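Counting starts at 1 for both ligands and their atoms, in listed order. Side-chain atoms are counted along with the backbone in the values below, which use heavy atoms only and exclude waters and symmetry mates. Predicted, not measured: the structure shown is a model, and the values here were computed from it.
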Amino acid sequence: MHLLLLLSSFCAIIQAVAVSTCDTNFIVTTKVTPSYWRATFSCPPLNIQGLSFFQDYYALIDKIEADSEVKVVVFDSSAPDFWLDPFDVLNTVPPELSWDSYWGNVTRLANLPVLTVAAIRGITSGGGAEIAASLDIRFGSKEKAIVSQPEVSIGVVPGGGGLDLLPRLVGRARALEMVIGSDDMDAETAAHYGWLNRAIPDAQFESFVDKFARRVAGWDHEGIAAAKKIINAQSGFPTVNEWKEGFTAFATNFNRTVVQNRVAAFKKAGLQTDLDFEKNMSEIVLNYTGPGPWNV
Ligand SMILES: *[C@@H]1O[C@H](CO)[C@@H](O)[C@H](O)[C@H]1NC(C)=O
Ligand SMILES: *[C@@H]1O[C@H](CO)[C@@H](O)[C@H](O)[C@H]1NC(C)=O
Ligand SMILES: *[C@@H]1O[C@H](CO)[C@@H](O)[C@H](O)[C@H]1NC(C)=O
Ligand SMILES: *[C@@H]1O[C@H](CO)[C@@H](O)[C@H](O)[C@H]1NC(C)=O
């Protein structure tokens with residue numbers, strides 16, 4: 001797919017910086033019991049989706065698929081402020097690993113007879129929010145969970161399935177607000193919209209999620225499998241062609257000069273390296289509207 005190759009060369013021309021993307025062990029898997037697993041994003045402080053995220057994510061899906069005992073997998077994070085941050089745009093991630101393999105694997109996980117739960121106690125932004133949206137259930141800390149699709153504020157669109165998953169989760173009007181507003185959304189609003197299943201006070205969050213997962217892990221596998229299969233079939237999961245349309249729009253727009261200049265300016269201001277930049281991005285983007293050049 002030539003677009004993917006083009007995208008990777010655009011990324012390559014943006015010089016690599018010393019950003020923590022972790023060479024190995026991005027996802028640490030813990031078998032709490034044989035039926036209840038925890039998959040912990042462990043590349044603090046930002047959990048940026050780089051090479052090892054994709055490697056580990058697909059390898060984990062292989063392990064879940066091959067295991068006959070696992071019934072519920074909770075995806076959490078060891079980084080205090082972030083659940084999962086966007087795709088790494090400052091370092092080259094081989095397109096055959098990221099995009100060529102992406103939707104097939106996301107769909108494979110969605111179709112496994114295992115309940116997947118995003119346990120979100122931090123910022124989940126861009127591609128990270130799209131991974132969350134592709135999982136079966138999302139629980140968020142009332143005080144700490146934030147969801148954001150910032151792509152349009154940069155001049156692109158969500159390319160990781162958000163354009164297809166969001167309208168199914170929250171409806172057309174709210175999807176348009178989330179995507180085109182490109183702003184941070186707090187957990188209570190996200191729960192009200194239906195992006196989160198619910199927002200849980202942080203002090204009770206871990207015990208709530210653990211109790212839920214242990215409950216599910218106790219059921220017969222057959223019941224879980226049949227329920228998920230039929231709900232999936234009747235609610236529909238975005239097809240590869242639907243996803244590809246959004247990805248192509250992302251890649252095409254990422255190539256625009258104004259976007260390349262904006263990403264370069266963001267990089268100078270701390271994109272992927274500075275915690276304050278990453279936390280305050282929804283405000284900072286307001287300084288980079290229009291064609292530039294921006295005073296950086
Ligand atoms: C999942 O990713 C692996 C590794 O990149 C790839 O070989 C495989 O084809 C992907 N699976 C699907 C169903 O796309
Ligand atoms: C991307 O930009 C390059 C030049 O910088 C151009 O050759 C190429 O056709 C563009 N691709 C797309 C998909 O816009
Ligand atoms: C936003 O940035 C300011 C400094 O510009 C910093 O003091 C503040 O803590 C940041 N806010 C967050 C939520 O990180
Ligand atoms: C936006 O730019 C103004 C003027 O340069 C600056 O004072 C302000 O701190 C910037 N805001 C953010 C959030 O970066």
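D186 pairs by the side chain to side chain donor-acceptor pair (under 3.5 Å) definition with T189, not counting sequence neighbours. Scored by the side chain to side chain contact (heavy atoms under 4.5 Å, CB included) test, K31 finds W37, D67 as partners (sequence neighbours excluded). Listed by chain and residue number, V32, T33, Y36, D210 satisfy the side chain to side chain contact (heavy atoms under 4.5 Å, CB included) test with R214 (two or more places apart in sequence, or in another chain).
Under the 3.5 Å distance criterion, with hydrogens and angles disregarded, a donor-acceptor pair is assigned to the side chains of Y193 and E177. When only modelled atom types and interatomic distance are considered, T40 and D76 share a side-chain donor-acceptor pair under 3.5 Å.
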Give every pair formed by an N or O atom of ligand 1 and a protein N or O atom closer than 3.5 Å, one pair per line with both atom names and the distance to 0.1 Å, or write none.
from: ligand 1; atom 1: 2 (O); to: N105; atom 2: ND2; distance (Å): 2.4
from: ligand 1; atom 1: 5 (O); to: S101; atom 2: OG; distance (Å): 2.7
from: ligand 1; atom 1: 11 (N); to: N105; atom 2: OD1; distance (Å): 3.4
from: ligand 1; atom 1: 11 (N); to: N105; atom 2: ND2; distance (Å): 3.2

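Screening D274, D184, D81 for a salt bridge (Lys or Arg N to Asp or Glu O under 4.0 Å) with K279, the sole residue that qualifies is D81.
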